[in-house]
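Down below is the structure, laid out as structure tokens.
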Amino acid sequence: MFSLSKEKTFRGGVHPPEYKNPSKDKPFEIMPLPTRIIVPLSQHLGKPAVSLVKKGSDVKTGTVIAEAQGVVSSPIHSPVTGKVTAVTTSVNSSGFPKESIIIEPSENEEFDFLPILNHETITSEEIIERVRLTGIVGQGGAAFPASVKLSPPKDKKIDYIILNGCECEPYLTRDYRYMLEQPEAVLAGLQLIMKATGVDKGIVGIEDNKPLAIESMKKAAKTFNNISVEAVETKYPQGAEKMLIKALTNREVPPGKLPLDSGIIVQNIGTAVSIYAAVVKGEPSITAALTITGNGIKESKNLIARVGTPIDEILNYCGGVTDDAIKVVVGGPMMGVSQYDFSAPVMKATSGILVLTKEEVAEKPETPCLRCGKCVEACPVNLIPTKLARYSQLGKIEEAEALDIRVCMECGTCAYTCPANIPLVQWIRLGKKKALVAK
Ligand code: SF4
Ligand code: SF4
């Protein structure tokens, strides 16, 4: 076996309450078809796909309905069998209106999947092509087209594939359920990723607050002498790529560089499962694995729902919201996006929907900075959040750039730790946007 970091953690970070109990023991349920499907053409990092259908088109489950535009883009498949009722602008869970294909599902489902391939004899090129054709995107949040990550430049020597099983955001439990319910599929996906990239060492990193997942994965990995399952310290944002790499291998990914510059590719647990399904079932990216939880939802669940299912139909399926629910967030509480329009759909990389009550949101009044330095201490990438937020607020973008505002990964750790309740990450996010526009 290969040698790994002994410390299994990184500098900085915070320990928010976990809130995983309401959903962690709920096995995945398959949600019935919704009454309508809204498929945004931009569900991935890179150029939006371009629609191949129009109002009145009949589609099957898996039919390509929008084609990728260039390398960093992704095709989109119909998540249901039915009729296209419109190609129009519709709000999505990022809060912005996006061009979308609206489909009315029909009762009888017909499938238009790709041919099944043998996952043992498949070649590297065939895996990458299958991942590209099935439109799989990274499930870790950024929704980067997975086929691009599987094709690193020839001059980059990659020696580890890390599978990220941290799920360090509070509340979310879908990766946990995958590791308990489908450990063999997770590892088969990891092996396909290793084969595609020609890398012979795989590591699954799991936070040590998930002993059952560690046990399940270790048991399934027993037969592989090139895959290691490692527990890492439970600390937010342990699941951020650079933090996980540091914890597992003690390698630092320098600011502005990618994991592959340090010889590593990180993929998410859900991405590995999708890649396996794409090969052995020919299944395109048409479902989202989600945790629906928070004190404001009547029944917490882990769900497999079709991509494009509107949030309101998912909330109804979980029994509806309680009278004291005040906020709906898509994603985790640290990096998720608050929703104002519940007709927005879940997308390929959506990880969960949180329905939160007043006690959970705990909005406290903002006070002036105490100069306590807690945000600096907690920032895992060594930034000075207090100054970055201040410069952003004052519109001093050049000064913010000089302090590496672009290196911020918007993890929210600084804002969480600030005793003055200053919305640091919100100001920094704004500053980053301004820096991009000013470029
Ligand atoms: S949001 Fe940015 S500045 Fe704040 S802790 Fe995370 S990386 Fe550091
Ligand atoms: S944690 Fe908040 S109060 Fe403390 S230095 Fe940072 S911004 Fe100021």
Side-chain angles (χ1 to χ4, degrees), residues 9-17 45 94-95 140-142 144 164 166-172 207 232-247 251-259 261-262 266 329-338 351 362-436 438:
T9 191
F10 62 94
R11 192 207 79 90
V14 284
H15 294 91
L45 208 76
S94 68
F144 196 72
N164 186 351
C166 289
E167 206 162 45
C168 62
E169 275 264 14
Y171 290 94
L172 302 181
E207 280 191 334
V232 291
E233 188 186 323
T234 300
K235 183 166 69 165
Y236 183 83
Q238 183 65 84
E241 289 190 343
K242 293 183 180 182
M243 280 55 262
L244 186 57
I245 289 169
K246 171 71 180 158
R251 292 185 193 182
E252 302 269 0
V253 182
K257 296 284 180 188
L258 296 169
D261 295 309
S262 296
V266 182
V329 173
V330 163
M334 302 293 278
M335 295 187 74
V337 181
S338 294
S351 53
E363 273 167 358
K364 296 185 196 129
E366 185 182 332
T367 59
C369 174
L370 308 167
R371 299 187 180 279
C372 64
K374 285 190 175 167
C375 57
V376 181
E377 219 173 287
C379 177
V381 289
N382 302 319
L383 297 176
I384 309 175
T386 177
K387 280 197 176 176
L388 293 176
R390 189 79 188 127
Y391 284 146
S392 166
Q393 212 170 356
L394 296 172
K396 293 187 170 180
I397 301 307
E398 272 184 26
E399 286 86 340
E401 288 212 77
L403 290 182
D404 286 332
I405 193 167
R406 287 169 198 251
V407 172
C408 170
M409 56 186 176
E410 302 177 22
C411 65
T413 301
C414 50
Y416 177 82
T417 202
C418 176
N421 307 307
I422 300 170
L424 294 165
V425 65
Q426 286 81 356
W427 281 118
I428 296 171
R429 194 176 287 143
L430 187 70
K432 280 176 70 180
K433 286 213 173 94
K434 284 185 184 164
L436 271 181

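Numbering of ligands and ligand atoms starts at 1, following listing order. Owing to the predicted nature of the structure, the values given are computational and were not obtained by experimental measurement.
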Any non-hydrogen side-chain atom of [X] less than 4.5 Å from a side-chain atom of [Y]?
X: Thr413; Y: Tyr236; value: yes
X: Met334; Y: Pro170; value: yes
X: Leu244; Y: Gln238; value: yes
X: Ser262; Y: Pro254; value: yes
X: Glu169; Y: Pro333; value: yes
X: Arg406; Y: Leu436; value: yes

query: Closer than 4.0 angstrom: is that true for some heavy atom of Val381 and an atom of ligand 1?
result: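 For ligand 1, residue contact (heavy atoms, under 4.0 Å) with Val381 is present.
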Shortest protein contact, [atom] (heavy atom only):
atom: atom 2 (Fe) of ligand 1; answer: Cys408 SG, 2.3 Å
atom: atom 8 (Fe) of ligand 2; answer: Cys369 SG, 2.3 Å
atom: atom 3 (S) of ligand 2; answer: Leu370 N, 3.2 Å
atom: atom 4 (Fe) of ligand 2; answer: Cys372 SG, 2.3 Å
atom: atom 5 (S) of ligand 2; answer: Gly373 N, 3.3 Å

query: Just which atoms of ligand 2 are under 4.0 Å from any heavy atom in Pro419?
result: 1 (S)
message: Please list, in number order, the atoms of ligand 2 under 4.0 Å from a heavy atom of Thr386.
response: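 Under 4.0 Å from Thr386, ligand 2 has these atoms: 6 (Fe), 7 (S).
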Show me which atoms of ligand 1 lie under 4.0 Å from any heavy atom of [X].
X: Ile428; value: 3 (S)
X: Gly412; value: 1 (S), 6 (Fe)
X: Thr413; value: 5 (S)
X: Val425; value: 1 (S)

- request: Compute the minimum heavy-atom distance from Thr417 to ligand 2 and say whether it is under 4.0 Å.
  value: no
query: Can you tell me how far the CD1 atom of Ile422 sits from the CD atom of Gln393, to the nearest 0.5 Å?
result: 8.0 Å
message: If you apply the rule side-chain contact (heavy atoms from CB on, under 4.5 Å), what do you find for Ile397 with Glu401, and how did you get there?
response: CA-CA 6 Å; Ile397 301 307; Glu401 288 212 77; 4.2 Å; yes
task: Taking all heavy atoms of Thr417 and all of Cys375, pick out the closest pair and write down the distance.
output: CG2-CA, 3.7 Å
Cationic tip of Lys242 above Phe10 ring, under 6.0 Å, 45° of axis: no
- prompt: To which of Cys375, Cys418, Pro385 does the heavy atom nearest atom 6 (Fe) of ligand 2 belong?
  reply: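 Going through Cys375, Cys418, Pro385 one by one, Cys375 has the nearest heavy atom to atom 6 (Fe) of ligand 2.
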N, O or S atom of Cys414 closer to atom 2 (Fe) of ligand 1 than 2.8 Å: no
